[in-house]
Amino acid sequence: MKDIREDIAWVKINQDVMKSLENPRKLYWVILFCAICAFGVGVSCEIYQYRTGMGVANLNNPQVWGLYIATFIFWIGMSHSGTLLSAILHLMHADWRKPIYRFAEAMTTFSLMTAGLFVLVHIGRLWQFYYSLPYPNERGIWPNFQSPLLWDAMAIFTYLSSSILFLFVGMIPDLAIARDNMADGWRRKLYTLLALGWEGTDRQWRNFRVTYLTIACFLIPLAVSVHSIVASDFAMSQAPGWHVTSFPPYFVAGALYSGCAAIITLFIILRYTFRFEEYMTKSILKKIVRLTFAIAMVWTYLNAVEFAAVWYSHDEASKAVLIQKATGTYAPFWWGMIFCGSVVPLVFAFERFQTNIPVLFATSLLLNLGMWLERWMIIAPTFSHGLYPWTWDHDQWPSMVQWGMVFGSFGWFTLLFMIFCKVFPSVSMYEVKEMVYHRTLHLKKSEAAEQGAH
Amino acid sequence: MSVSNLLENWSQFRHTHPVDDKPHDPYKWAMSIDLDACTGCNACSIACYAENNIPVVGKERFQHGQQMHWMRIERYWDEDGREFADQGAQFLPMMCQQCEAAPCETVCPVAATNHTADGLNSQVYNRCVGSRYCSANCPFKVRYFNWYDYPTDDAVWPAEMSQQLNPDVTVRSKGVMEKCTFCVQRLTAAKSVAKSEGRIVREGEVQTACQQSCPTGAISFGNLVNPESRVHKQWQAQQVEIDKDKQTKDEKEEGSELRGYRIFEDMRPYPSVMYLERVRESAV
Amino acid sequence: MIDSGIDRRDFLKVLGWSGAAVALSGCGNTSVEDGKETVVSYVEANDYMIPGIGVYYNSTCAQCDAGCSINGRVREGRVLKLEGNPDSGINKGKLCGLGQAGVQHHYNPDRVREPILRNGNKGETITWDKAYALIAEKLTGVKGEEIAFLSGGVSGHLKALLGNYLESIGTKNHFVYEALAPVGVRAANLKSYGVALPRYRLDKAKVVLSFGADFLGSWISPVHFSQQYAQFRKGMDGQRGVLIQVESKMSLTGANADRWLVVKPGTEGVLALGIINALGTTSGEIAELVKPYDHAHVTKETGVSASQIDKIAALLKLRSPSLILAGSAVEGYAHGAQNAAAINLLNHVLGNVGKTIEAPSNVPFPQLAPIVGSTASLKSLNDGLVAGQYKVLFNFAANPVFTAPGAFKFKDNMAKVGFKVAFAHYMDETAMQADLVLPLDSALEDWGTQVPEYLADGMQLNIQQPLMEKLHANTRSMGDILLTLLKQRRADEYKNFEDYYAYLRGSLLQNKGALGAGGSDDDNFWNEALTRGVLKISSSSATLADKAATSGLQLPKAETADAKFPMHFIPGVTASLRDGRHANQPWLQESPDPLTTIVWDSWVEIHPKKALELGIVDGDVVEVTSKSGSIKAQAYLFPGIHPDAVSVPLGRGHEAMGRYAKGYGVNPFGILDAIFDKETGELALHETRVSIKKTGARVLIVKDEGAAGGMQMGRRIALRKTTDQVDLSEEV
Amino acid sequence: MYRFLRLPILLVGLFMAVSSYAANDPQPTLTTEDSLGPEIQQPIEFPHNRHAGLRNPNDPTNSDPLKGGMEIDCQYCHTYARRSAVAGIPPLQKCIGCHQNIESVRNKPRIVELFKYWDAKKPVPWKKVHDLPDFVRFNHERHIKRFVEQQNRPTQEACGYCHGDVKSMTVARRQKTLSMGWCASCHEKAHPVTAAGGTPVGDQAYWYSFQKPAAKPDASGVVKAQGPNDCWQCHK
């Protein structure tokens, strides 16, 4: 299989990547336009909801959360794979990550930003959201540090700021390249500013390595904790179906899973729109696909653990929720989730599909759909079939306002992501060079060894 | 507003069920509801609407499950598949149970719902940001969210109707959570009178709106730590203790002959409302 | 309470506190604001008027005719909430939901505010002077027998005044109409006990066997009975009272019974006689009468098993005294009065008369005693209308266009009258047909007296007084209107009475002695009466008949089913909506029906077995067709109804009456057949036969009950014990 | 070379220093400094200074309105404050009660205006000067009981805690912020629950809703407790 050529010229790398900042394929503009439209739909739904009241979302007494929180978890989850690729695999010296980690990290940042929006969209009094921030204030009161929701807010803010920092720090050498190769204009000014005077001296490189490594180490526990905390929003409550000890690992696995699936999707899109065939090779894709397959199986296992734990427990209410999921109003979605989450990834087990781009594109979309359904199936059935039978409500269906905002969030994410890829180098130039260099060295070594053997 | 203030006063801000160093004194408001006397007539619920400025949401919003009744009367049937409901139905007035270790209190991100020194579960409308986490975590689902802006909704309170609003109770605007308060405005007024006279509130001096209207007197309300109060006597006679998640009387193998129980006691919210089981004649 | 210079009437004017300024607290400013709102002070104030502190005034509830005394909380000149008046023996400080919704009658945005002269669908506002002149003009040259006055039940001074007015215009055609009144029971009681309504003492009974008497919901004096019921359940000597309810459609009382027995509609009397037979304690005439009613016969007719009859008989024998009630569900048949009489017989047999059936008080002032309404009088009015007998029709406190059975075609007949005057609070269906609509004060703005028909706690005269200043300047008290009309006729006689208040005060003071306050000063007496809200008057008791009247007691044979209309139709009477006159009070619309928890809409109760047979599920829109019409409503599967019957609640389905009533639900009055009780001539509400058919449409039922449908799903929520499992002796 | 980092580091450091100082401030920030509200146009320009202001010592007959007041107790007119949560506005009757006997000012334009309202039996549409948000319920009665009756503070001082120096104003004008932190700053201060010498002010029922009183009296022999800190005291 064709991988990055070891003899590729560094200048060519620069040129290829810089080209992505200039003229992507037409598809880029189509995607951008669609994203703006979708985002517009979301914004108008929010304006309507803000002015009229949360009721237009068709939420009600038992069903107080709805799609907003489900989609919130979905986006939080998606952020995890960026960290997996950029930080964890960095520490593990997996060099195949190098051409793709940049956009994965951007995905992390933007999906976190999207998730944050859902918190705002969800609260009843958006104009008072600052009450939940711990800052010294005139009223002399603090938020409630006992509330998982507050931990959530803090964890997400920390994770978001660290992710941005990590993305930015990792980009500094490339920004310097862009600065040096860009004609005069606002972008050059921007790169000059952001490159922070990078000159590529040894000392700079040494400090850069240490900083990058430190943030990477810092980010990993953070990533795990963020989704554990999101999981504790549920696990710490008393609602049946949520009050499960295995929720944190289950959430983290789900997060990595959906993130990897999203990376496959974006990989394919970027590869085409920015003509990155040279760098985003199929062999890298194959590795991600295998990783995704492994995580899918972990997720499937944890799912089974959760079902078994509920089924054999004495918690009748939780059991009732599980049965309701499988047989009640939400059954099509729940089985859809099982199908998309556990059956569809079996495609990845076949080597011939591991590099088949159309199949992978379709499959990864299905996986993401499955993971979104999973989040919805955590939220809705528990509310509709909770502890208190009198308030059961099996008929509640999210209104168009909710769907509009979910739709809009995809627009918002795509918009941010696409603009990022156009403005910043979405393939890490210096690391690709490193990779090529290391591979050349390796090649030379093995050639030398071969020769030595003769 | 200081960190030290936060650290020192934490237990006061987040006071949970009675602990030895802070017993309920001199008030602990509690209720007991005799289900055998309750006829399900809805007078209490309407009294609650009148007293607490609860919006009438109308048919369409009711259909969406957005009704606001702080006090709802639940009607249960026998579940043994009999052809006719020949043992009648069973009614249960359900409102905020004012839990001592309330699941809603711990999860609110802005501490808009707290425990008061009187053992009430307070809801502060102007602090609420509307995350609805409290409702999600309430086992009884007795918290109601303002899905719309009812005070400005002319279908709910047209100019004439708005003159009926009780000025002692805040009219809740959109985006905040609300629930039964045990008619805290009446409690405050009674306490203020008592305080001016240098005594505590006497038994019978204050009634909740539901209690006052109940034609069969099924609801009693009062100060649980006052040995004179009917509520205290009832809880004692029924051997229900507020700080237990399993009552001693229920541990007996043959079960108890007393009727007092609390709903979801085993989940340890320590509700302040005791129900007395409905009784049915065995001879017919 | 009233202690100083300002007269009670002026007090209302003094309280010119601007309502709007304090009304909508909570949706105004959200931060400190200066100089935006206006505070309006009192011009003059009494000591007890303190802003921010409620003042309480007693008056009388006008939501139904039970005569509960209310205690209104007034703050800054606005009435906020109604409670029960503890001084009244009828409701002893309690008030039902219907009564509490009285403030929404008062503040209703759809009240009529100006006199309206209507012409077809158009109306123009006119002045009161013009309205009075118009009435005088239309009455000139009209003979007394060409005038009809239709009203609901009235009592007290208004009744006296109304009587005088009718006399002055020379008419005897006063039709007193109540759509839901216990007329059959009254007739049976008169025969059985010698009085129309004895005092029922549930609190003294150990067993209550109620045949369709919804005394906890809507029957006669529910708040009073509920209090007695609480006492009855606590019981004497630790023995809890046992309630057995016999009916074809479960009422609120049925839902609270220890045993709810479903019987074939109309066979309640048969069961009663069957129980007498099973008791086996009778001899002579009665034994002869009940002889045919052996187990086999009774079981066949009623559907109640023999063992159940024996159990009830045994219980009645064992626990005495008991109380047998014949309620509204038994009187709605062509043999309704007979049905009730058969049931009353049980009380004689069990020796309850005099123990749990007590003699009522006499009303010492017959001119104030209530005239009770009936449907028979509506029928005679309707017959007169058909014959074109009337040229002028007055209507007050009745809404026959809505409540008359469809078979009457009342609306069409009413159109034949040349000039129709409606005294109305709202533009209801009848007011819509009137030529002149005169707006009335709300019950909370009006003066009056009332004598309840059912004197639960001895003779009492209820005082009605305004709780606040009039909301709308151009509404008038019915008393004032009658007084003005009377002055048109008999100016001399009434010139001393400036207004109805003066008339009321004057005539009460005149009878001060008889009212039990002979020696006291006029003002003291008056103020005392207003403060207490009720005048308790000592009076003699009526005497009860001690012997059972069995003559003429005859129950019809079981009839064969009508193939075209196979189902019995039971119009449901709910505690909050009754005959629909309060359907525009949103609290009542949104208050879930206790049994089905449905709000804002009508429904058809069908037994699940029957529904299965017909392929009907919850929410299916079904068409209920009788000989006289058809209605469409959502089906609700209900385990508390006889499989051969369907029930639709009354009260909804208004075509007028404002935003909260119009267009919600259907009106079952419209499909009632004109079948009458053979004895009393009363409309037999339950005699209509219907067929039901699915329309194919299905709706989501708007109800409080969740998807679990009244099941607890194994969670310990509403618990129950049987009497042998509990020890009630130690209870507080 | 790292010059570009200096500014960010400085800013971050400054922010952290300020916020940790603010967050760790051991004393509640007393926002007692005056925050003057807007001037308000009233239908009649009521001179508080003339009624409640201090007497002019040089003018024993109190004849010159510009120079001195009459030291009328606040509660003489604002009589509801001690009996109700709401202070209300004195009834018109109250004004007339005195003014019908004061012939000397009878023809002053303000008094003429006043009598116009009285003759028409119409209330004066006063503008609300101290208008708290609708979800805040300040109880006048409790504060008067606490400070005037139990602690024997002069009325003008006690009222002045919140209303400022009304005796020097003509038309009342807000002087304090009346914000939540401002209210809380007073509730977080320890106030005596016993008089000097340890005599309890009221019994336990009187101060139960306050925070736990100190176990021991302070140097002056007074036991102190902070005011109520429960949200439902003011918001319900």
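Just so you know, these numbers come straight off a predicted model, no measurement behind them. Just so we're on the same page: letters track the sequence lines, and every chain starts at 1.
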Inset, instruction - Could you look at A:Tyr131 and say if it's the side chain, the backbone, both or neither that has a heavy atom under 4.5 Å from chain B? - result: both
Legend entry - Partner chain B: residue of A:Val119, A:Thr391, A:Asp393, A:Asn61 with the largest heavy-atom pair count (under 4.5 Å): A:Asn61
Inset, instruction - Identify which part of B:Phe140 has an atom lying under 4.5 Å from any heavy atom of chain A, answering side chain, backbone, both or neither. - result: both
Legend entry - B:Asn121 and its side-chain hydrogen bond (donor to acceptor under 3.5 Å, both in side chains) partner, picked from B:Glu100, B:Glu105, B:Gln97, B:Gln98: B:Glu105
Inset, instruction - Report the C-alpha distance between B:Arg127 and B:Thr113 in whole Å, list the side-chain angles of each, state the deciding distance to 0.1 Å, and finish with yes or no for side-chain hydrogen bond (donor to acceptor under 3.5 Å, both in side chains). - result: CA-CA 9 Å; B:Arg127 177 69 179 167; B:Thr113 179; over 6 Å; no
Inset, instruction - Select, from A:Leu59, A:Leu387, A:Asp233, A:Ile123, the one with the greatest count of heavy-atom pairs under 4.5 Å involving chain B. - result: A:Leu59
Inset, instruction - Please flag which part of B:Pro139 lies under 4.5 Å from any non-hydrogen atom of chain A: side chain, backbone, both or neither. - result: both
Inset, instruction - Name the option with the most non-hydrogen atom pairs under 4.5 Å to chain B; the candidates are A:Pro62, A:Gly53, A:Ser147. - result: A:Ser147
Inset, instruction - Could you look at A:Asp395 and say if it's the side chain, the backbone, both or neither that has a heavy atom under 4.5 Å from chain B? - result: neither
Inset, instruction - Please flag which part of A:Trp127 lies under 4.5 Å from any non-hydrogen atom of chain B: side chain, backbone, both or neither. - result: side chain
Legend entry - Contact class of A:Ile69 relative to chain B, heavy atoms under 4.5 angstrom: neither
Legend entry - Charged tip of A:Lys319 within 45° of A:Trp311 ring normal and under 6.0 Å: yes
Inset, instruction - Please determine, among A:Pro148, A:Pro389, A:Ala239, A:Ser132, the option with the most heavy-atom pairs under 4.5 Å with chain B. - result: A:Pro148
Inset, instruction - Examine whether an atom of B:Met94 lies under 4.5 Å from a heavy atom of chain A, and if so say whether it belongs to the side chain, the backbone or both; otherwise answer neither. - result: side chain
Inset, instruction - Verify the neighbour count for atom CD of B:Glu79: are there more than 12 heavy atoms of other residues, nucleotides or ligands below 6.0 Å? - result: yes
Inset, instruction - Select one option (side chain, backbone, both, neither) describing which atoms of A:Gln238 are under 4.5 Å from chain B's heavy atoms. - result: both
